[in-house]
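These notes concern the structure reproduced below.
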Amino acid sequence: MCSCIVARVSATLAPAPSPSPARPAPHRRTRLLALPEMRWALAATVAFLLALVSDVAGMPVWVHGILYAVAYLAGGWEPALEGLRALRGKTLDVDLLMIVAALGAAAIGQVLDGALLIVIFATSGALEALATARTADSVRGLLDLAPATATRLTSRGGEETVPTDALAVGDVLLVRPGERIGADGTVLDGLSEADQASITGEPLPVVKRPGDEVFAGTLNGTGALRVRVDRDPADSVIARIVTLVEEASRTKAPTQLFIEKIEQRYAVGVVAATLAVFGVPLALGEALTDALLRAMTFMIVASPCAVVLATMPPLLSAIANAGRHGVLVKSAVAMERLAETDTAALDKTGTLTEGAPEVTAVTPRPDSGLDADALLALAAAAEHPSEHPLARAIVATARAQGLPVAPAGDFTATPGRGVSALVDGHRVTVGRDESGGASQGGTVVLVTRDETPVGTLTLTDRLRPDAPATTAALTALTGTAPVLLTGDHAGAAALVADATGLTDVRAGLLPEDKANAVRDLQRAGRTVLFVGDGVNDAPALAAAHSGIAMGRAGSDLALETADAVVVRDELTAVPAVVRLSRAARRLVVQNLVIAGAFITGLVLWDLIGHLPLPLGVAGHEGSTVLVGLNGLRLLRRSAWRQSAA
């Protein structure tokens, strides 16, 4: 079943037809029942449940017999077909072996057991198909960030609206206030601010002046810009994000559970041994019925059903427990892979920080006659009419401290410079302090009253309170301090690194740079867990061995690309779920030992002595129940408490 994941991803993410000049339709997620795998799995599950109810209720045999047959057909035809196709390619996989085992169980009267195995297989395949389709949906939706059209200036000074895919290097665009920028390029004229968090992860809009670089899909502020196109639309940063995620989905090795890594040899071995157990005694004169019964018993007790179920309960229990505590792990494979982490790489904005500025310092000038509260209140009054993120942070801080915010008049906002307003008869301006800029990783704004500087405010991206504890826990878990990968500037990255104890800091990274940094770590032999939240983190999430997305403010693409999502945005849940996955792996090993011991004992009994079929089935099912109960230990609340300690 896992062998067809890559083919399914490639088909689903096949290049879309060339975009038309019209604006693309709103992005939609694949509906559950739109997938044939989901429909067949649902049909098999419903038929199985109805059969089980009718069987327990004592209804006529033909009633639940027909329903069980429907469950077998609905859930088993696709893996049987895949298994036969693999057989034509001279390979034998567990898909076909599972179908044979289910049919064998039905042949000896264990119809319910066989149907249950079929339903489990069908449901697993449906979930794989859904995960693949949803990831493809998000990649397609990413293209909606870039506008469908742009305003191009003609050589005669006129304007024309053209599709963005028709732009060429050297074209000059007019970007009006509030519009999305149509192409990667350089500002030729104008002054504005651009919200480019989707590309670089910077939490605040960035001032754009002549000579500055801008990116397709980022949002222009209140000023107008003339931009020269420097990259073909097919080679823009946003387009490269799409390409990187698609390539990672296509080329990343198919992920398998531990037992599936040896499925080929095991399947061939069981089939060969079953034929030998049937053929050798028959050749030596044993009766056909006895030889067939011995071979059937051998196939049942040697079937990998018990081993597969020994693997799944601990992982599924860990998934359920993590889900109760706000961490959605998307599959048993993802849970198992988290346990292998030996290096963590973390995004900054929205991951270690909250992605929102806060006032961290209020510094009145000694000769201003103002104290810190008066300076903050004055700045809040001037900023109150503004919608800028810095303005909202200043006003929110003043209100949180219970300071009065006086009404302002004659308000004006200048792109890239700040605001000006009349407050209590004084002309008050609040704007970036060009001399301080981003000192110590923060943004410094200068407050003047009647053209006289009266003080400064420093704003920084708010660090999550649990960030230092999380980085310390990840360091203890992996033996290596996490790596900080951010698109923000070096000063902001250094501030966060100092607060969290990180030493390996890589700042100013574009999305592809983050993905390349993850690949470099993996080429050095590290097993990397990447934690991020934005569109710009998606390539790194796809490239990493495991990826976890912060859910509250995470982009659709990041949430779908990641292997797990921290729904409640509790950063300490990241090391907790890694510890839980390691506990699940330990139980998997225990269960495999138990299941292997049962299989070995029953097989030897059948080969050396005479194992009665009912006793063989009982031993096989008993081992399954035993390892299942052992795996369910991770459902206890104490398992999460121990992981989160």
Side-chain angles (χ1 to χ4, degrees), residues 196-197 199-204 206 341-361 393 436-444 458-522 524 526-534 536-537 539-541 543-544 546-550 553-554 558 566 569-576 578:
Q196 51 191 40
I199 301 297
T200 65
E202 293 171 284
L204 297 173
V206 179
T341 299
D342 63 19
T343 301
L346 308 175
D347 171 51
K348 182 187 78 68
T349 306
T351 302
L352 289 176
T353 69
E354 296 184 359
E358 67 173 348
V359 178
T360 54
S439 64
Q440 302 301 315
T443 297
V444 179
T458 303
L459 296 94
T460 57
D461 189 6
R462 186 183 301 118
L463 188 73
R464 291 183 187 271
D466 49 3
T470 298
T471 56
L474 288 171
T475 301
L477 268 173
T478 63
T480 305
V483 180
L484 181 60
L485 305 178
T486 178
D488 210 345
H489 57 80
L495 193 68
V496 170
D498 290 342
T500 54
L502 303 183
T503 55
D504 190 347
V505 180
R506 308 179 193 186
L509 303 180
L510 290 175
E512 60 190 289
D513 299 325
K514 286 188 178 183
N516 288 334
V518 168
R519 292 191 184 99
D520 289 343
L521 290 170
Q522 294 184 148
R526 312 302 295 180
T527 303
V528 179
L529 164 66
F530 183 79
V531 185
D533 72 303
N536 59 317
D537 296 320
L541 287 167
S546 298
I548 297 180
M550 304 302 292
V566 181
D569 261 20
E570 296 173 353
L571 195 57
T572 51
V574 173
V578 173

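Predicted model, so just to flag it, every value in this text is computed and none were measured.
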| query | What's the spacing between T349 OG1 and D488 CG if we round to 0.5 Å? | reply | 4.5 Å
| field | R464 and T470 side chains, donor-acceptor separation under 3.5 Å | value | no
| Between F530 and L485, what is the shortest heavy-atom contact and its length? | CE1-CD1, 3.9 Å
| request: Output yes when a side-chain donor or acceptor of D533 lies under 3.5 Å from a complementary backbone atom of M550, and no otherwise. | output: no
| Hey, is K348 close enough to D461 for a salt bridge, meaning N to O under 4.0 Å? | yes
| Atom of T486, atom of A493 and distance for their closest heavy-atom approach | CG2-CB, 3.7 Å
| Test item: L529 and V574 side chains (from C-beta on) under 4.5 Å apart, heavy atoms | yes
| message | Could you report the tightest heavy-atom contact between L521 and R506, atom names first, then the distance? | response | CD2-NH2, 4.1 Å
| query | Closest approach of A573 and V566, non-hydrogen atoms and distance? | reply | CB-CG1, 4.2 Å
| remark: Tightest non-hydrogen contact, residues L571 and A467, listed as CD2-CA, 3.7 Å
| message | Which heavy atom of G532 sits nearest to which heavy atom of D347, and what is that distance? | response | CA-CB, 3.8 Å
| field | Residue among T443, T360, V359 satisfying side-chain contact (heavy atoms from CB on, under 4.5 Å) with T460 | value | T360
| Any side-chain heavy atom of T478 within less than 4.5 Å of one from T343? | no
| task | Please round to the nearest 0.5 Å and tell me the distance separating atom OG1 of T341 and atom CD1 of I548. | result | 7.5 Å
| request: Please round to the nearest 0.5 Å and tell me the distance separating atom CG of L459 and atom CD of E358. | output: 8.5 Å
| task | For residues V496 and L463, determine if any side-chain heavy atom of one lies less than 4.5 Å from a side-chain heavy atom of the other. | result | yes
| field | Option passing side-chain contact (heavy atoms from CB on, under 4.5 Å) with P482 (candidates T503, L474, D504) | value | L474
| message | Just verifying a value: how many Å separate N536 CG and L509 CG, rounded to the nearest 0.5 Å? | response | 10.0 Å
| field | Whether E570 side chain and D466 backbone form a donor-acceptor pair below 3.5 Å | value | no
| field | Close side-chain approach of L484 and T500, heavy atoms under 4.5 Å | value | no
